[in-house]
Asker: 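What follows is a structure written as structure tokens; I'll ask about it next.
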Amino acid sequence: MEAISEDGFAVLNADDPLVMGMARRTGARVVTFGHSETADCRILEVDGGFPDGITVRLSWKNQEFDVPTQFIAHHFSQAVAAAATVGLELGVPVEDICKAIGQTEVIPLRLSPHKVPGGPLILADCRKAPQGTLHLAFDALRVVDAPRHRIVLGNISDYAGSSGATYRKAVADGLDVAEELILITKSRSCTVAAQKADTEGRLRIFGTTREAAEYVARTAIEGEAILLKGSGNLHMERILLNLTSGVKCWENVCRIGETCFACGLYAHEFEDHARIRRRRGWARFWRGPKTTPATQSPSAQ
């Protein structure tokens with residue numbers, strides 16, 4: 001906060017007391033957003049969801065306006081309000097702000113919707129899974145109009161206390177939203193705890209992403225909504241890719257930080273990845289830098 005010049009401004013979340021404490025650490029102008037009545041850019045209402053996206057109604061200096069978005073969950077309204085606040089404070093016309101936000105696409109695997117032709121709707125939220133935000137993803141699934149709702153739950157992060165208690169609560173909360181919950185874990189303690197939360201036989205437990213993916217493929221019905229929720233290390237996006245493109249890479253611990261979309265080698269066995277990357281690297285080396293006709297040598301022309 002000290003790095004902000006006095007002629008600049010800080011945009012803070014008025015709903016978070018800890019964030020608002022930062023206001024005391026700067027001499028710059030402070031502009032706030034949020035649901036709070038004290039917010040400069042106040043969230044008045046959030047409507048919609050899947051498939052059309054949410055619409056956020058904002059209030060700014062006695063002016064109210066609607067911001068349509070492609071985001072399908074209501075908690076994205078905070079990010080929408082923050083972005084709008086920056087533009088408004090800089091004097092950007094409301095029409096331009098609404099257009100820019102409305103054209104912003106959902107980041108893949110950050111609660112991104114994927115419709116499988118003739119199959120389920122996948123809500124992919126499998127890059128991060130802090131325990132404290134699981135309910136946000138569950139709430140997004142809850143409001144989707146579908147003949148069946150299911151959750152595939154992977155690794156949970158950032159929790160206090162025992163893993164058993166954490167997974168038991170997560171499973172119980174998930175089964176409150178979905179007709180079936182599919183848990184991916186090899187932990188004995190998590191398995192036992194999760195089973196205690198299931199009193200109606202609606203829990204399925206698998207040790208690997210591949211086993212869960214094969215189960216989903218066997219049992220999927222057209223139009224159902226399936227939430228993929230877990231940390232990125234399990235690469236749960238392969239459950240979606242297995243329904244659309246086919247997957248051959250089922251490595252449990254690939255140690256690659258990027259997604260399977262970015263890696264692009266999910267259609268190849270994991271043992272072949274290093275060889276394919278070397279071959280592609282050599283191909284780029286021999287191909288050399290791209291040139292335009294104006295910079296090509298006479299012999300090349």
Side-chain angles (χ1 to χ4, degrees), residues 104-131 133-134 137 150-159 163 167 170 181-188 190-191 194 204-220 224-291:
T104 301
E105 297 181 352
V106 179
I107 299 174
L109 308 185
R110 300 283 189 167
L111 207 52
S112 54
H114 307 264
K115 182 69 179 73
V116 178
L121 162 71
I122 302 294
L123 304 181
D125 195 18
C126 46
R127 284 297 283 163
K128 292 183 179 296
Q131 186 273 336
T133 63
L134 290 180
R150 293 198 287 176
I151 296 172
V152 184
L153 181 64
N155 293 335
I156 303 171
S157 64
D158 302 328
Y159 55 84
S163 60
Y167 280 81
L181 190 143
I182 302 160
L183 177 64
I184 305 175
T185 183
K186 289 186 176 181
S187 167
R188 175 64 179 168
C190 291
T191 296
R204 302 289 181 269
I205 302 177
F206 298 97
T208 66
T209 301
R210 180 175 189 172
E211 293 170 326
E214 291 173 344
Y215 174 75
V216 168
R218 288 195 310 269
T219 59
E224 74 169 318
I226 302 176
L227 170 67
L228 308 181
K229 183 61 180 178
S231 299
N233 56 346
L234 286 179
H235 292 288
M236 293 172 62
E237 62 268 25
R238 290 178 292 181
I239 297 173
L240 165 62
L241 290 167
N242 191 53
L243 293 170
T244 57
S245 308
V247 174
K248 290 185 178 180
C249 176
W250 293 108
E251 179 67 16
N252 292 325
V253 187
C254 77
R255 304 189 188 283
I256 294 177
E258 60 188 1
T259 70
C260 293
F261 295 140
C263 170
L265 296 179
Y266 54 84
H268 303 273
E269 300 285 351
F270 180 75
E271 292 74 16
D272 296 331
H273 286 197
R275 175 180 55 82
I276 293 171
R277 287 194 176 94
R278 286 195 300 270
R279 186 177 65 198
R280 290 178 177 178
W282 278 111
R284 287 192 297 268
F285 174 79
W286 289 111
R287 188 163 58 243
K290 293 182 179 180
T291 58

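Since we're looking at a predicted model, the values are computed, not measured. Any value given below was found using the heavy atoms of this structure, including those in side chains, with hydrogens, waters and symmetry copies removed.
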Asker: Please report the interatomic distance CD1(Ile182) to CD1(Ile184), rounded to the nearest 0.5 Å.
Answerer: 8.0 Å
Asker: Measure the SG-CD1 distance between Cys126 and Ile239 for me, rounded to the nearest 0.5 Å.
Answerer: 7.5 Å
Asker: How far apart are the closest heavy atoms of Ala170 and Leu134, and which atoms are they?
Answerer: CB-CD1, 3.8 Å
Asker: Can you see which heavy atom on His268 is nearest to which on Cys249, and at what distance?
Answerer: O-CB, 3.3 Å
Asker: Phe206 vs Tyr215 aromatic rings, parallel, tilted or perpendicular, using cut-offs 30° and 60°?
Answerer: tilted
Asker: Glu237 and side-chain contact (heavy atoms from CB on, under 4.5 Å): which single residue from Val247, Leu109, Thr209 fits?
Answerer: Leu109
Asker: Just by distance, do the side chain of Ser231 and the backbone of Asn233 share a donor-acceptor pair under 3.5 Å?
Answerer: no
Asker: Testing the basics here: between Cys260 and Tyr266, what is the closest heavy-atom pair and its distance to 0.1 Å?
Answerer: O-CD2, 3.4 Å
Asker: May I ask you to say whether Glu214 pairs ionically with Arg218, meaning some side-chain N is under 4.0 Å from a carboxylate O?
Answerer: no
Asker: Which heavy atom of Tyr167 sits nearest a heavy atom of Cys190, and at what distance?
Answerer: CD1-SG, 3.5 Å
Asker: Looking at NE2 of His273 and SG of Cys254, how far apart are the two atoms once the value is rounded to the nearest 0.5 Å?
Answerer: 8.5 Å
Asker: Any chance you could lay out the side-chain contact (heavy atoms from CB on, under 4.5 Å) test for Val152 and Arg150, step after step, and finish with the verdict?
Answerer: CA-CA 7 Å; Val152 184; Arg150 293 198 287 176; over 6 Å; no
Asker: Compare every heavy atom of Lys128 with every heavy atom of Lys229, then report the nearest pair and how far apart it is.
Answerer: NZ-O, 3.1 Å
Asker: Begin from the C-alpha positions of Phe261 and Leu241 and carry the test side-chain contact (heavy atoms from CB on, under 4.5 Å) through to its verdict.
Answerer: CA-CA 9 Å; Phe261 295 140; Leu241 290 167; 3.3 Å; yes
Asker: For a 4.5 angstrom cut-off between non-hydrogen side-chain atoms, does Thr191 reach Leu183?
Answerer: no
Asker: Among all residues two or more places apart in sequence or in another chain, which pass the salt bridge (charged side-chain N to carboxylate O under 4.0 Å, His left out) test with Arg127?
Answerer: none
Asker: Could you check whether any side-chain N or O of Arg238 sits under 3.5 Å from a backbone N or O of His235, counting only pairs where one atom can act as donor and the other as acceptor?
Answerer: yes
Asker: For Glu269, give me all partners under side chain to side chain donor-acceptor pair (under 3.5 Å), at least two apart in sequence or on another chain.
Answerer: none
Asker: For residues Lys186 and Thr208, determine if any side-chain heavy atom of one lies less than 4.5 Å from a side-chain heavy atom of the other.
Answerer: yes
Asker: With side-chain contact (heavy atoms from CB on, under 4.5 Å) as the criterion, how do Leu153 and Thr185 come out once you've worked through the C-alpha distance, each side chain's angles and the decisive distance to 0.1 Å?
Answerer: CA-CA 9 Å; Leu153 181 64; Thr185 183; over 6 Å; no
Asker: Could you tell me which non-hydrogen atom of Ala217 sits nearest to which non-hydrogen atom of Leu243, and how far apart they are?
Answerer: CA-CD2, 3.8 Å
Asker: Using the test side chain to side chain donor-acceptor pair (under 3.5 Å), find all partners of Gln131 that sit at least two apart in sequence or belong to another chain.
Answerer: none
Asker: Determine whether Leu227 and Asp125 satisfy the following criterion, side-chain contact (heavy atoms from CB on, under 4.5 Å), listing intermediate values before the conclusion.
Answerer: CA-CA 7 Å; Leu227 170 67; Asp125 195 18; 4.2 Å; yes
Asker: Should Arg280 and Leu265 count as side-chain neighbours, where that means a heavy-atom distance under 4.5 Å?
Answerer: yes
